[in-house]
Amino acid sequence: MAICKILFFLLALCVWCGKCEVFYKRVGDEVSMKCGVDSNSNIDWKFNGESIFSITGKSGTRRKGSSHIAEKASTPGDILKVPRLETRDSGNYFCKQSGKHHTVRVVSAFVKPGPVLLQSSNAELHCDITGDPNTEVQWQRPPNGEEYKEKKQVIHLKSVTSEEAGQWTCLVEKKLKLIVTLTVVGLQTTAVNASKGDDTELPCSLPQSVSQRVVGGRWKADHLPKVSFPNLTNTAGEGLHWHGNDLSKVNFTTGQLSTNFDVTLKKVQSSDDGTFVCTVEFDGGVSLSVETTLRVVDKPSGVKGSNNRKGKPPAVMESLTKEVYGLKLWIWIAVGASSVALIVLIVVIGVVQRRNKRMKKRVRTLRSMRQPLTDKDYCQCDRAEKEVEFGEQARPLPVPRQHRNPRTRTAGPNHTN
């Protein structure tokens, strides 16, 4: 205790003298601290008395110390940089040559037992300043950021409701703001209408997984004392599951459960009409109960028996909403179908491109096979003159009239028999 007082006194003294700077940082942040000496000077950095680095100014030789900070820190010039801060990095950083002290406080904000809580359960909101548990912080509560009355680093919430759900903000020395989100959930159900002779599901579920572990639970109907309902059991080997042997009236899922606690009532009759209570128990003695009402009506004439699941989606939808490796089954199916469609599209594009390349190659080949045009005298310039000469030569000389028809011509003066 005396040592703590001495350290606190020294810290206050160095702050007052101006040689000590306090940094408030989140987990994962980076902090930079300046020694304040010439770059050619020797520099020795220490963390809580343990050596981090010893640097020779002239040669630049750097020697690692025994502190775990040396594994991730760097020293550009006279600055010490420490990245990826952890809670164990909180403490006093000292530069020997300048005598400067730097105090780093790593702050973490979280909720116990977890960010998703059950209605009526208790919770703790933490804004822990490692190495300085007495510093006051300012909490702001949802929904409007109203200042919370307590200024402790840890506040206790009793029997939480939806009013406490939302973002809680922790302000540290008005320099650092951290946010934690609180979710409050309860059991959900709906009223069920069923026809006589139908199998009907009684719905009971949580909207999402919660921080508290489910340890047990049951269904109950005071108006059906002879009906045997299964009990929720959580064992190391089988996990959370229904346990029951009498399946004559009530059917249930035999596999491992998570957030769905439905059961099926077989061949409902008018005597089954009434209120059913679903109770789920959690670690810490917290239990939640929810009531649902079953109304049984006469089946319309001409309608055969069927499984009535008005209180819940059909079996196919139930299967699609089951979680597989942290995601709903329908999401995996959608991703698979999209992947197949993408692969088919890529194949089609590849085939079309290959076909286009073949066609272009074929066109180029056909073009290369054509005979190039050569200079030929397709048109002769002296064609008209030749035709004129040929026409003049081919035209016969005129024949005298008397020689045109020898049969009819008369004898001339020189004619002799």
Side-chain angles (χ1 to χ4, degrees), residues 118-121 162 185-210 212-235 238-282 285-323 329:
L118 297 167
Q119 288 179 350
S120 303
S121 63
S162 57
V185 300
L187 288 175
Q188 296 180 340
T189 189
T190 56
V192 180
N193 296 328
S195 300
K196 285 184 180 179
D198 288 350
D199 292 349
T200 302
E201 284 194 351
L202 302 176
C204 177
S205 63
L206 290 167
Q208 64 185 96
S209 299
V210 295
Q212 293 93 330
R213 175 174 171 267
V214 179
V215 295
R218 70 195 65 82
W219 276 92
K220 183 181 178 182
D222 292 335
H223 64 289
L224 300 174
K226 295 184 179 180
V227 176
S228 177
F229 288 93
N231 294 320
L232 273 176
T233 305
N234 199 338
T235 59
E238 300 181 19
L240 183 63
H241 64 282
W242 287 115
H243 177 71
N245 298 321
D246 187 1
L247 300 177
S248 59
K249 184 64 177 176
V250 180
N251 196 11
F252 51 87
T253 302
T254 57
Q256 190 169 341
L257 304 175
S258 176
T259 59
N260 192 331
F261 313 111
D262 301 347
V263 295
T264 301
L265 208 59
K266 297 181 179 179
K267 297 181 180 179
V268 296
Q269 302 299 323
S270 299
S271 58
D272 299 327
D273 197 300
T275 301
F276 295 78
V277 180
C278 171
T279 301
V280 181
E281 299 171 349
F282 301 85
V286 179
S287 65
L288 295 179
S289 296
V290 67
E291 293 183 356
T292 183
T293 302
L294 173 63
R295 182 172 174 266
V296 182
V297 297
D298 291 332
K299 185 176 298 184
S301 58
V303 179
K304 296 182 179 181
S306 62
N307 292 337
N308 181 20
R309 298 173 178 261
K310 291 184 179 179
K312 178 159 173 67
V316 175
M317 295 301 297
E318 182 181 359
S319 300
L320 291 176
T321 56
K322 288 183 177 179
E323 289 193 0
L329 180 60

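The shown structure was predicted, so the numbers you read here are calculated from the model rather than taken from an experiment.
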Asker: Working to the nearest 0.5 Å, report the span between OG of Ser258 and CG of Leu206.
Answerer: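 It comes to 8.5 Å.
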Asker: Which pair of non-hydrogen atoms, one from Val277 and one from Ser289, has the smallest distance, and what is that distance?
Answerer: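 Looking at all heavy atoms of both residues, the shortest contact is CG1-CB, 4.3 Å.
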Asker: Sub-3.5 Å donor-acceptor pair from the side chain of Asn231 to the main-chain atoms of Thr233, do we have one?
Answerer: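 Judged by distance alone, no pair lies under 3.5 Å.
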Asker: My understanding is that only one of Lys226, Lys196, Lys249 makes a salt bridge (charged side-chain N to carboxylate O under 4.0 Å, His left out) with Asp272; could you say which?
Answerer: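 When salt bridge (charged side-chain N to carboxylate O under 4.0 Å, His left out) is applied between Asp272 and each of Lys226, Lys196, Lys249, only Lys249 qualifies.
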Asker: With rounding to the nearest 0.5 angstrom, report the CZ to CG distance, Phe282 to Leu118.
Answerer: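 Between Phe282 CZ and Leu118 CG, I get 4.0 Å after rounding to 0.5 Å.
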Asker: Just so I know, are the side chains of Ser209 and Thr259 near enough to count as touching, which here means a heavy-atom distance under 4.5 Å?
Answerer: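 Yes; the side chains approach each other to less than 4.5 Å.
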Asker: Give me the atom names and distance for the closest heavy-atom approach of Thr190 to Thr292.
Answerer: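 Taking every non-hydrogen atom into account, O-OG1, 2.6 Å.
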Asker: Run the side chain to side chain contact (heavy atoms under 4.5 Å, CB included) check on Thr293 and Val192 step by step: do they pass?
Answerer: CA-CA 6 Å; Thr293 302; Val192 180; over 6 Å; no
Asker: Atom CG in Asp262, atom OG1 in Thr200: separation rounded to 0.5 Å?
Answerer: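 One gets 12.5 Å once the value is rounded to the nearest 0.5 Å.
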Asker: In Å and rounded to the nearest 0.5 Å, what is the SG to CD distance from Cys204 to Glu291?
Answerer: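 Atom-to-atom, Cys204:SG and Glu291:CD are 11.5 Å apart.
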Asker: With a 4.5 Å cut-off on side-chain heavy atoms, are Asn251 and Asp199 touching?
Answerer: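 No - every pair of side-chain heavy atoms lies 4.5 Å or more apart.
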Asker: Is any side-chain heavy atom of Thr279 closer than 4.5 Å to one of Lys220?
Answerer: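 A side-chain contact under 4.5 Å is absent here.
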Asker: Just by modelled atom types, is the Val214 backbone N or O under 3.5 Å from a matching donor or acceptor in the Asn234 side chain?
Answerer: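 Side chain of Asn234 to backbone of Val214, a donor-acceptor pair under 3.5 Å: yes, one is there.
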Asker: Which value, rounded to the nearest 0.5 Å, describes the distance between Arg218 atom CZ and Cys278 atom SG?
Answerer: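 Rounded to the nearest 0.5 Å, the CZ-SG separation comes to 10.0 Å.
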Asker: Ser205: which residues meet the side-chain hydrogen bond (donor to acceptor under 3.5 Å, both in side chains) condition with it, sequence neighbours left out?
Answerer: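 None.
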Asker: Determine whether Asp273 and Arg295 make a side-chain contact, defined as any pair of heavy atoms from C-beta on separated by less than 4.5 Å.
Answerer: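 Asp273 vs Arg295: side chains touch.
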Asker: Please evaluate residues Val227 and Val250 with respect to the criterion side chain to side chain contact (heavy atoms under 4.5 Å, CB included), reporting the C-alpha separation (whole Å), side-chain torsions for both, the decisive distance (0.1 Å), and the verdict.
Answerer: CA-CA 8 Å; Val227 176; Val250 180; 3.7 Å; yes
Asker: For a quick test of reading the model, state the closest non-hydrogen atom pair linking Thr253 to Trp242 and the distance between them.
Answerer: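 Nearest pair, atom of Thr253 first, then Trp242: O-CD1, 3.6 Å.
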Asker: Compare every heavy atom of Lys266 with every heavy atom of Ser248, then report the nearest pair and how far apart it is.
Answerer: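 Heavy atoms only, the tightest pair is O-CD, 3.8 Å.
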Asker: Has the side chain of Thr189 got a donor or acceptor atom that lies under 3.5 Å from a matching backbone atom of Pro203?
Answerer: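 Pair found, side chain donor or acceptor close to backbone of Pro203.
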Asker: What heavy-atom pair brings Gln269 and Val296 nearest, and what distance separates the two atoms?
Answerer: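 The answer is O-CG2, 3.4 Å.
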Asker: Which atom names give the shortest non-hydrogen contact between Thr275 and His223, and what distance separates them?
Answerer: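 Looking at all heavy atoms of both residues, the shortest contact is O-CE1, 3.4 Å.
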Asker: What do you reckon, are the aromatic ring centroids of Phe252 and His243 less than 6.0 Å apart?
Answerer: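 Aromatic pair excluded; centres sit 6.0 Å or further apart.
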Asker: Has the side chain of Ser195 got a donor or acceptor atom that lies under 3.5 Å from a matching backbone atom of Asp198?
Answerer: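 No, because the side chain of Ser195 does not come within donor-acceptor range (under 3.5 Å) of the backbone of Asp198.
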Asker: Does any part of the side chain of Val290, heavy atoms only, come nearer than 4.5 Å to the side chain of Leu288, both counted from C-beta?
Answerer: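 Not in contact.
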Asker: Return the CZ to CH2 distance between Phe229 and Trp219, rounded to the nearest 0.5 Å.
Answerer: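 Spacing of CZ (Phe229) from CH2 (Trp219) equals 8.0 Å.
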Asker: Could you please spell out the steps behind the side chain to side chain contact (heavy atoms under 4.5 Å, CB included) verdict for Thr235 and His241?
Answerer: CA-CA 8 Å; Thr235 59; His241 64 282; 3.6 Å; yes
